[in-house]
Amino acid sequence: MPSNDARTLLHTAVPTAAAGVVTVAVSAALAGGKGAIGAAAGTLVVILFMGIGLGVLQRTARSLPHLFQSMGLLLYTTELLLLFVFVAAFKNTTLFNPRAFAAAVMVATLVWVAAQIRVHMKTKILYVEPEPSAGRKPENTGSST
């Protein structure tokens, strides 16, 4: 994984995990042990889904740059739909508190998206790949000397 991709993953996963810890603590206080388990599971599901999605999107950007924007839209829509399916599938579970799970999924998703927006706003990404200048003379700009 190139350093920019790893940096993006790090700067989005860490705040999401921190928000997950807070969500687990709040859920444990409000719903007990099952609430903490539900919040932890929800946070892990979001980090897993969004992390895989980020990897797929970065691979698409390198191999098929003309599909990057449409792939991003499709990917985020699919991720949100899958998260909704997960929440619906576990709404009657007795393994953990479903409300804590759903709340953690919502909080973690919002934190992930906000962190990703922040990373992309702060990252300086070149729009054009510069050509290597080794062994080449500087081009004349047309000014007379």
Side-chain angles (χ1 to χ4, degrees), residues 1-139 141:
M1 179 177 274
S3 64
N4 280 343
D5 300 345
R7 191 174 308 126
T8 300
L9 182 62
L10 179 70
H11 288 296
T12 53
V14 170
T16 305
V21 169
V22 172
T23 307
V24 166
V26 169
S27 296
L30 295 177
K34 289 196 179 226
I37 293 169
T43 302
L44 289 176
V45 164
V46 169
I47 290 173
L48 181 68
F49 275 30
M50 296 292 189
I52 291 170
L54 184 62
V56 168
L57 193 58
Q58 294 300 334
R59 179 174 287 160
T60 301
R62 278 191 300 278
S63 61
L64 302 166
H66 59 284
L67 293 178
F68 179 71
Q69 196 168 21
S70 58
M71 183 68 171
L73 181 61
L74 176 69
L75 185 68
Y76 288 127
T77 304
T78 304
E79 285 174 348
L80 291 177
L81 288 173
L82 283 174
L83 288 172
F84 179 73
V85 167
F86 259 72
V87 170
F90 288 111
K91 75 178 183 182
N92 294 324
T93 187
T94 58
L95 236 71
F96 51 77
N97 187 319
R99 286 185 179 205
F101 177 77
V105 166
M106 295 254 319
V107 167
T109 301
L110 291 174
V111 169
W112 181 281
V113 170
Q116 197 169 20
I117 289 169
R118 183 178 184 278
V119 167
H120 286 295
M121 295 296 285
K122 294 237 175 228
T123 304
K124 293 178 177 32
I125 300 172
L126 298 174
Y127 291 100
V128 178
E129 291 290 329
E131 291 183 23
S133 60
R136 293 182 60 192
K137 291 182 182 178
E139 293 185 20
T141 60

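This one's a predicted model, so the numbers in the text were calculated from it and none came from an experiment.
- With hydrogens and angles disregarded, a donor-acceptor distance shorter than 3.5 Å links the side chain of K34 to the backbone of T94.
- With sequence neighbours excluded, no residue forms a side-chain contact (heavy atoms from CB on, under 4.5 Å) with S63.
- Note that the CD atom of Q69 and the OG1 atom of T60 stand 13.5 Å from one another [nearest 0.5 Å].
- With values rounded to the nearest 0.5 angstrom, M71 atom CE is found 10.5 Å from R59 atom CZ.
- In this structure L10 satisfies the side-chain contact (heavy atoms from CB on, under 4.5 Å) test together with V14, sequence neighbours excluded.
- Contact record, L80 with T109: CD2-CG2, 3.8 Å, taken as the closest heavy-atom pair.
- E79 has its side chain out of reach of W112: every pair of non-hydrogen atoms, C-beta onward, lies at least 4.5 Å apart.
- Evaluated for a side-chain contact (heavy atoms from CB on, under 4.5 Å) with L57, the options L75, T8, L74 yield exactly one hit, L75.
- What you find for A19 and V107 is that their closest heavy atoms are CB-CG1, 4.2 Å.
- Taking all atoms of both residues into account, the shortest heavy-atom contact from A100 to G35 is CB-O, 3.3 Å.
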Stepwise side-chain contact (heavy atoms from CB on, under 4.5 Å) test for T16 and Q116: CA-CA 10 Å; T16 305; Q116 197 169 20; over 6 Å; no

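- Ring centers of F90 and F96: under 6.0 Å apart, within the cut-off.
- For the residue pair A108 and T43, the shortest heavy atom distance occurs at CB-CA, 4.3 Å.
- What you find for A104 and A39 is that their closest heavy atoms are CB-O, 3.3 Å.
- Here the shortest heavy-atom pairing between V87 and F101 reads CA-CE2, 3.9 Å.
- Proximity of L83 to F49: side-chain heavy atoms (C-beta onward) are separated by under 4.5 Å at one or more points.
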